[in-house]
Trainee: 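Dropping a structure here in structure tokens format, bear with me for questions.
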Amino acid sequence: KDIGINQTVNVEVVLRRLKQIINYNIHDRDLFVKLYTCLMNNYSDNIAEEFLSHKLIFIPGNIQIYFSIKEVLWKDVSRIFKKNRGYLETCYPELEMFFVNKLGVNRTPTPKDYADVLLDLSKKVHIDEEDEKVIINIYKELNECLDTENNKTLISKEEWWNNFIREPILWVESKKFYNINSEDLILVN
């Protein structure tokens, strides 16, 4: 006690350790499992806040290996998003309770997830062929979400929608993103 050595493990200590191993770029999945399990067993609301504001989720095998809650999904939907998100189920099957129930990670993409990935892509300097496939996939999924016959609540009525459609989200033949009000954009029927 006198020299400041922790005698018990607490949430702050675990979060600090998690940030340290990420800072040192340690790729030990088992160590992450131990830390996540400890956080799950000692859960408090500030843990989710930390996972929202910091990239504390380790997923090996991606170009990006550390993610925040907003950048991951439980189920692997790489057929839609490719490597634009992290997928937890195959990496941490034993931690579904922590990620989904405690932290609130979405099992599958919501319309907002599609919108967020599209916005992320619109900020990239270079869009490659794989990115273009993701853009088309997202347009298809968002189109389904706008179908009044298949949806009780339309995404166009959601709070985030009006801000989203003002962004440069229209990918056109000239290989550029435009927003709907762009003077350079010509819409053809």
Side-chain angles (χ1 to χ4, degrees), residues 22 48-92 95-96 98-189:
I22 289 169
E49 292 170 22
E50 289 290 323
F51 277 76
L52 270 169
S53 57
H54 298 91
K55 294 179 184 243
L56 300 178
I57 302 171
F58 169 69
I59 302 176
N62 278 356
I63 295 168
Q64 175 183 339
I65 58 172
Y66 301 114
F67 298 84
S68 72
I69 291 175
K70 296 178 280 191
E71 300 170 314
V72 297
L73 295 161
W74 183 252
K75 295 286 185 186
D76 183 342
V77 290
S78 56
R79 64 180 169 66
I80 297 171
F81 290 153
K82 307 290 185 210
K83 294 190 183 241
N84 289 288
R85 287 295 179 259
Y87 312 105
L88 296 167
E89 184 177 35
T90 54
C91 188
Y92 300 109
L95 289 170
E96 180 177 7
F98 177 62
F99 287 112
V100 175
N101 298 357
K102 300 282 186 177
L103 293 181
V105 168
N106 292 329
R107 286 186 182 284
T108 58
T110 65
K112 179 82 167 88
D113 291 317
Y114 295 116
D116 288 344
V117 172
L118 187 59
L119 288 173
D120 289 348
L121 287 169
S122 74
K123 292 175 176 77
K124 285 181 75 173
V125 174
H126 175 72
I127 300 294
D128 60 25
E129 274 186 51
E130 185 172 285
D131 292 332
E132 282 193 63
K133 289 176 185 173
V134 172
I135 293 165
I136 299 303
N137 288 337
I138 290 171
Y139 286 156
K140 288 177 183 176
E141 295 295 332
L142 287 175
N143 191 51
E144 288 291 318
C145 295
L146 288 165
D147 183 358
T148 55
E149 291 180 21
N150 295 328
N151 297 296
K152 292 177 184 172
T153 56
L154 293 177
I155 60 173
S156 59
K157 303 291 184 205
E158 294 194 27
E159 191 176 304
W160 56 269
W161 182 257
N162 284 332
N163 290 330
F164 170 67
I165 61 173
R166 289 188 186 109
E167 296 291 329
I169 56 170
L170 301 174
W171 181 251
V172 298
E173 283 183 9
S174 63
K175 309 278 186 198
K176 293 181 184 174
F177 279 102
Y178 289 92
N179 68 26
I180 196 71
N181 297 322
S182 175
E183 293 177 13
D184 297 332
L185 184 63
I186 300 171
L187 299 175
V188 179
N189 288 342

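Numbers here simply count residues along the sequence, with the first being 1. Note that the structure is predicted; figures quoted are calculated from it, not measured.
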Trainee: What pairs with Lys82 under salt bridge (charged side-chain N to carboxylate O under 4.0 Å, His left out), at least two apart in sequence or on another chain?
Mentor: none
Trainee: Which pairs with one or both residues in residues 118-160 pass ring pair (Phe, Tyr, Trp, His ring centres under 6.0 Å), sequence neighbours excluded?
Mentor: Trp160-Phe164
Trainee: Under the ring-ring contact (aromatic ring centres under 6.0 Å, His included) rule, collect the residues that match up with Tyr92, sequence neighbours excluded.
Mentor: Tyr36, Phe99
Trainee: If you round to the nearest 0.5 Å, how far is OG of Ser68 from CG of Leu103?
Mentor: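 Spacing of CG (Leu103) from OG (Ser68) equals 11.0 Å.
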Trainee: Quick check: closest heavy atoms across Ile65 and Pro60, and the distance to 0.1 Å?
Mentor: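 Nearest heavy atoms, Ile65 then Pro60: CG2-CA, 4.5 Å.
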Trainee: Kindly compute the distance separating CG (Asp131) from NZ (Lys83), expressed to the nearest 0.5 Å.
Mentor: 12.5 Å
Trainee: Which residues pass the salt bridge (charged side-chain N to carboxylate O under 4.0 Å, His left out) test with Glu96, not counting sequence neighbours?
Mentor: Arg107
Trainee: For residues 108-116, tabulate all N or O donor-acceptor pairs below 3.5 Å that involve a side-chain atom, not counting sequence neighbours.
Mentor:
residue	atom	partner	partner atom	Å
Thr110	OG1	Lys112	N	3.4
Thr110	OG1	Asp113	N	3.2
Thr110	OG1	Asp113	OD2	3.1
Lys112	NZ	Asp116	OD1	2.7
Asp113	OD2	Asn106	ND2	3.0
Asp113	OD2	Thr110	N	2.8
Tyr114	OH	Glu141	OE1	3.4

Trainee: In this structure, are over 12 heavy atoms from other groups packed under 6.0 Å from Lys124 atom NZ?
Mentor: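 Enclosed.
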Trainee: Could you state the interatomic distance from CG (Asp76) to OG1 (Thr90), rounded to the nearest 0.5 Å?
Mentor: 6.0 Å
Trainee: How close do Ile169 and Phe177 get, counting heavy atoms only, and between which atoms?
Mentor: C-CD2, 3.7 Å
Trainee: Taking only residues at least two apart or on different chains, which pairs with a member in residues 156-172 satisfy salt bridge (charged side-chain N to carboxylate O under 4.0 Å, His left out)?
Mentor: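 Every candidate salt bridge (charged side-chain N to carboxylate O under 4.0 Å, His left out) pair involving residues 156-172 fails, so no pair, neighbours aside, qualifies.
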Trainee: Can you sort out the partners of Lys123 under side chain to side chain contact (heavy atoms under 4.5 Å, CB included), two or more places apart, ordered by chain and number?
Mentor: Leu119
Trainee: Distance check, rounded to the nearest 0.5 Å: Leu95 atom CG versus Asn101 atom CG?
Mentor: 11.5 Å
Trainee: A side-chain contact here means heavy atoms from C-beta on lying under 4.5 Å apart; do Phe81 and Ile138 qualify?
Mentor: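 Yes, side chains in contact.
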Trainee: Let me see the working for Ile59 and Tyr66 under side chain to side chain contact (heavy atoms under 4.5 Å, CB included), right down to the final yes or no.
Mentor: CA-CA 6 Å; Ile59 302 176; Tyr66 301 114; over 6 Å; no
Trainee: Just jot down the salt bridge (charged side-chain N to carboxylate O under 4.0 Å, His left out) partners of Glu49, sequence neighbours excluded, or say none.
Mentor: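 None.
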Trainee: Among pairs that include at least one residue of residues 55-74, which meet salt bridge (charged side-chain N to carboxylate O under 4.0 Å, His left out), considering only residues two or more places apart or in two chains?
Mentor: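 Sorted pair list: Lys55-Glu71.
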Trainee: Please find the pair of heavy atoms, one from Cys91 and one from Tyr87, that lie closest to each other, and give the distance.
Mentor: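 Heavy atoms only, the tightest pair is CB-O, 4.4 Å.
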Trainee: For Phe58 and Ile22, what are the C-alpha separation, side-chain angles and deciding distance, and is it a side chain to side chain contact (heavy atoms under 4.5 Å, CB included)?
Mentor: CA-CA 8 Å; Phe58 169 69; Ile22 289 169; 5.8 Å; no
Trainee: Within a strict 4.5 Å, meaning less than it, do heavy atoms of the Val72 and Phe51 side chains meet?
Mentor: no
Trainee: With sequence neighbours left out, write down each residue that passes salt bridge (charged side-chain N to carboxylate O under 4.0 Å, His left out) with Asp120, or none if nothing qualifies.
Mentor: Arg85
Trainee: List for me each residue that meets side chain to side chain contact (heavy atoms under 4.5 Å, CB included) alongside Asp147, sequence neighbours excluded, and say none if there are none.
Mentor: Glu149, Asn150, Asn151
Trainee: For residues Leu121 and Ile127, report the shortest heavy-atom separation together with the two atoms involved.
Mentor: O-CD1, 3.3 Å
Trainee: Just to verify, what does Lys140 make a side chain to side chain contact (heavy atoms under 4.5 Å, CB included) with, not counting sequence neighbours?
Mentor: Ile136
Trainee: So Ile80 and Val134, side chain to side chain contact (heavy atoms under 4.5 Å, CB included) or not? Walk me through it.
Mentor: CA-CA 6 Å; Ile80 297 171; Val134 172; 5.9 Å; no
Trainee: Under the side chain to side chain contact (heavy atoms under 4.5 Å, CB included) criterion, do Ile180 and Ile165 qualify, and how do the steps go?
Mentor: CA-CA 7 Å; Ile180 196 71; Ile165 61 173; 5.8 Å; no
Trainee: If every non-hydrogen atom of Trp171 is compared with every non-hydrogen atom of Ile135, which pair is closest and at what distance?
Mentor: CB-CG2, 3.9 Å
